[in-house]
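Read through the structure below, which is laid out as structure tokens, and then see the notes.
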Amino acid sequence: MLFGRHQKNPIKLADKGVVEWKYTTCGYCSTGCSIEVGLNKEGDAVASRGAGGADVNRGKLCLKGILEDQLFKSAGRGEKPLMRTHRWDDFAEVSWDDALDRTVSEIDRIQTAYGRDSFAILSTGQIMTEEFYTLGKLARGVIGTNNYDGNTTLCMASAVSGYKRSFGSDGPPGCYGDFEHTDCLLAFGSNLPEQHPVIYWRMREAREKRKFPLIVVDPRVTMLAQQADMHLPINPGTDVVLLNALAHVIINEGLHDQAYIDAHTTGFEAVRALVQDYDPVTAAAICGIDEDRIRHVARLYAKCDAAMSIWTMGINQSTHGSDGVVGINNLNLITGNIGKPGGTSLSITGQSNAMGTREWSSASGLPGYRVLENPAHREEIAGFWGIDEGFLPKKRGLFMTDIFPAIETGQIKGLWIIATNPMTSMPNTARIRKTLEKLEFLVVQDAYRDVETNEYSHVYLPAAIWAEKKGVFTNTERRVNLINNVVPPHGESKPDFEIFNLVADKMRRERKPVFPETTEGAFEEMKQLSKGRMLDYSGLSYAKIEAQKGVQWPCPEGQEEGDPRLYTDGKFQYPDGRAKLIPLPFIDNNERPDDEYPFWLNSGRVVEHFHTRTRTGKIGNLNKFSPTAYLEMNPDAAAKLGIKHGEYVRVVSRRSDAVVMAQLTQRVAPNAIFIPFHFHECVNRLTLGLLDPHSRQPAYKQSAVRIERIADQHAAGVRNAAARAY
Ligand SMILES: Nc1nc2c(c(=O)[nH]1)N[C@H]1C(S)=C(S)[C@@H](COP(=O)(O)OP(=O)(O)OC[C@H]3O[C@@H](n4cnc5c(=O)[nH]c(N)nc54)[C@H](O)[C@@H]3O)O[C@H]1N2
Ligand SMILES: Nc1nc2c(c(=O)[nH]1)N[C@H]1C(S)=C(S)[C@@H](COP(=O)(O)OP(=O)(O)OC[C@H]3O[C@@H](n4cnc5c(=O)[nH]c(N)nc54)[C@H](O)[C@@H]3O)O[C@H]1N2
Ligand code: SF4
Ligand SMILES: [Mo]
């Protein structure tokens with residue numbers, strides 16, 4: 001007898017008239033799925049499907065990828081450059097020449113009047129690697145400002161900082177294939193099913209075959225937590241305490257890998273001494289995880305053959321973000337779980353090309369994981385670009401989160417924002433508005449003209465998006481994959497690559513680097529600069545990347561396939577070849593709930609939306625799942641305040657307030673609420689965003705708020721709809 005689908009009619013896919021499928025890579029999250037975009041006979045993009053035979057996604061896509069062809073013609077795309085003479089004038093359409101001439105003359109004017117570093121540049125994790133490399137060359141080698149950073153400071157900075165502190169270099173050491181070998185998976189503050197659905201699917205498939213335990217550390221009962229063997233609902237911001245307690249149990253019970261520690265690390269005795277203060281009983285009182293649970297997880301992790309840890313924003317976005325990453329690395333080093341199949345410490349990255357900017361953008365240093373602080377690196381890059389070494393700064397400048405305060409203090413007067421929307425995504429947006437208003441000149445370069453930050457700009461440069469351009473992205477597992485320009489740029493928008501080249505051309509400088517005309521030309525420069533380094537690209541070519549549907553670095557010249565893992569020989573990037581074990585004293589410095597503001601405010605994402613919704617807010621079949629801002633609230637807490645499911649409430653912090661619809665759910669604890677950050681004029685009006693001392697990343701996930709009932713629900717609904725026009 002046949003059951004289910006066999007008895008019904010098979011699913012029929014609508015015939016969209018596709019005559020050709022073109023290969024590209026998804027432009028949303030860092031999973032890095034290979035996509036084919038279907039074109040009809042007019043050459044319009046009408047369908048998307050997962051590319052079969054691609055190791056990452058093996059034909060699968062999540063709902064954002066499936067609908068990605070609808071992006072090209074979505075509402076609000078920029079078609080022509082726009083300009084205002086005074087900030088509050090209306091925008092007028094201008095030619096590219098006029099928009100770029102004004103931009104270049106303002107950069108000149110500001111740098112001449114106030115010094116080179118008074119003009120700052122903020123970039124992103126969402127343009128192509130060749131574009132990052134070119135922007136870096138422009139920022140460092142032509143404009144010559146040291147205040148150049150990107151939204152990766154809101155996202156991956158703690159992971160970068162933690163990897164550098166532990167291993168001597170950035171670079172996630174593991175890969176998705178590790179799920180197929182691990183005996184234990186520990187996930188910290190990472191909600192894979194919603195934020196990296198296809199990594200989740202890889203993990204789940206591996207787990208169905210081998211049944212390894214999954215332990216999820218997250219204050220919220222996320223979709224991933226619901227699948228876990230053990231959910232550890234940690235007190236917000238206290239992961240370092242849990243990590244120290246796990247190390248305490250492992251070391252004091254003699255479960256550590258002494259041979260690995262002796263051969264490949266330094267600093268063990270200092271860690272052993274520090275973790276004595278974090279016995280499970282003391283730790284339980286701080287982090288909220290039962291002492292026996294802590295002992296059990298420690299034994300499980302240390303005793304199995306291969307154990308791995310993954311983490312995302314629950315760790316990075318904290319005042320202890322960098323320490324959290326180091327703590328995870330410590331745990332893996334003392335148990336000998338780095339660089340072996342199924343044994344790794346893998347930061348799940350965020351944006352589609354968060355890795356590309358880390359590797360090549362020069363935002364925090366120089367191309368190819370080089371640093372400004374190293375004279376040999378400065379000399380090498382200056383020589384390669386044909387500029388004076390003295391033109392390069394000797395240490396990195398301000399982080400994104402320090403650039404806004406520097407605008408407030410008058411140190412920075414002009415700003416170029418590329419593919420990021422701080423008016424919605426930075427903490428405490430009321431303050432961001434004031435700082436943007438203070439700028440003498442703001443240029444916004446974005447694929448959408450209706451992005452909120454553009455309301456404060458003098459010049460708007462319309463950028464081509466995703467598969468209107470050609471270049472590469474690097475995903476979470478260091479896989480470089482190709483984006484093909486399957487359709488031409490929308491309207492008169494231009495690829496970011498071309499915009500950078502045009503600006504470079506217009507800037508007057510005595511010595512200027514050469515800017516290749518094609519992204520492939522830039523890629524060839526990157527290959528040369530990477531030869532013999534950890535991130536060796538020299539064996540890659542566009543044709544090879546497309547043929548293999550993505551290749552991992554390192555892939556040196558002459559090597560057919562990329563290496564799946566780093567540090568397999570236990571040699572790290574510190575001069576002595578050893579990893580550092582670093583003691584992590586915990587200092588409790590968060591804003592925490594009190595009588596006046598009794599709830600923890602947690603924020604994050606949902607599967608159907610991407611970031612500030614410039615894209616997913618315009619795609620009906622995504623937006624319909626959550627068209628309006630909402631918060632998750634525990635039903636018991638709501639009952640005490642007389643709040644019903646679906647009612648609007650006012651959320652108040654020490655910064656400001658926001659009106660949001662309440663959804664009652666047991667996913668959050670009675671003393672906490674969760675608000676997706678995708679909506680303008682919402683959660684980031686409330687967040688405090690204290691900064692991590694190492695990475696300068698904001699603690700988006702720990703603020704204190706109170707909730708107020710709203711008597712006039714109709715007025716709140718009208719206001720809410722008006723605040724979010726699309
Ligand atoms: N659908 C979708 N996917 C995305 C994105 C998107 O916008 N939409 N954005 C991409 C980007 S750039 C990023 S950075 C990633 C983010 O991916 P994730 O980090 O997985 O997503 P978040 O929802 O920001 O946060 C993850 C979890 O951290 C938990 N958390 C909060 N505080 C703590 C804490 O103190 N300790 C611990 N252990 N956990 C805590 C939250 O409860 C939340 O469930 O997603 C990427 N993928
Ligand atoms: N409360 C709270 N706030 C958060 C977070 C949180 O968890 N909670 N997460 C933080 C994190 S991890 C991140 S990564 C940030 C993200 O914050 P943002 O960087 O502000 O996020 P996006 O909305 O993705 O902004 C990217 C912009 O680039 C544009 N764009 C897309 N492709 C291209 C292109 O090819 N060229 C150009 N020029 N423009 C393009 C898009 O239209 C969009 O306006 O938000 C941070 N803010
Ligand atoms: S999982 Fe990420 S990369 Fe894959 S289709 Fe979805 S958004 Fe795109
Ligand atoms: Mo991110």
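Numbering of ligands and ligand atoms starts at 1, following listing order. Nothing fancy with the numbering, it's 1 onward along the sequence.
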At a cut-off of 2.8 Å, what protein N/O/S atoms sit near atom 4 (Fe) of ligand 3? C33 SG
Where's the contact between [X] and ligand 2, heavy-atom distance under 4.0 Å: side chain, backbone, both or neither?
X    : value
D446 : both
T614 : side chain
V451 : side chain

Should the pair D55-K549 be classified as a salt bridge under the 4.0 Å nitrogen-to-oxygen rule? no
Within 45° of the six-membered ring axis of F515 and under 6.0 Å from that ring's centre, is NZ or CZ of K137 located there? yes
Can you tell me which residue among T152, N147, T153 is in a side chain to side chain contact (heavy atoms under 4.5 Å, CB included) with M400? T153
Under the salt bridge (Lys or Arg N to Asp or Glu O under 4.0 Å) test, which residues partner K469, sequence neighbours left out? E131, D496
May I ask you to list the atoms of ligand 2 that are less than 4.0 angstrom from any heavy atom of [X]?
X    : answer
I465 : 32 (N), 35 (O)
K701 : 7 (O)
K469 : 34 (C), 35 (O), 36 (N)
A463 : 36 (N), 37 (C), 38 (N)

Pairing donors with acceptors under 3.5 angstrom, does anything connect the side chains of [X] and [Y]?
X    : Y    : value
E194 : Y200 : no
N484 : E546 : yes
N421 : S425 : no

According to the interplanar angle, ranging from 0 to 90°, do the rings of F500 and W416 count as parallel (below 30°), tilted (30 to 60°) or perpendicular (above 60°)? perpendicular
How far is atom 47 (N) of ligand 2 from its nearest protein heavy atom, and which residue and atom is that? S425 O, 2.8 Å
Candidate with minimal heavy-atom separation from atom 31 (C) of ligand 2, of M426, M313, Q126, H609: Q126
Heavy atoms from other residues, nucleotides or ligands near NZ of K506 exceed 12 (cutoff 6.0 Å): yes
Is the closest N or O pair between Y448 and ligand 2 shorter than 3.5 Å? no
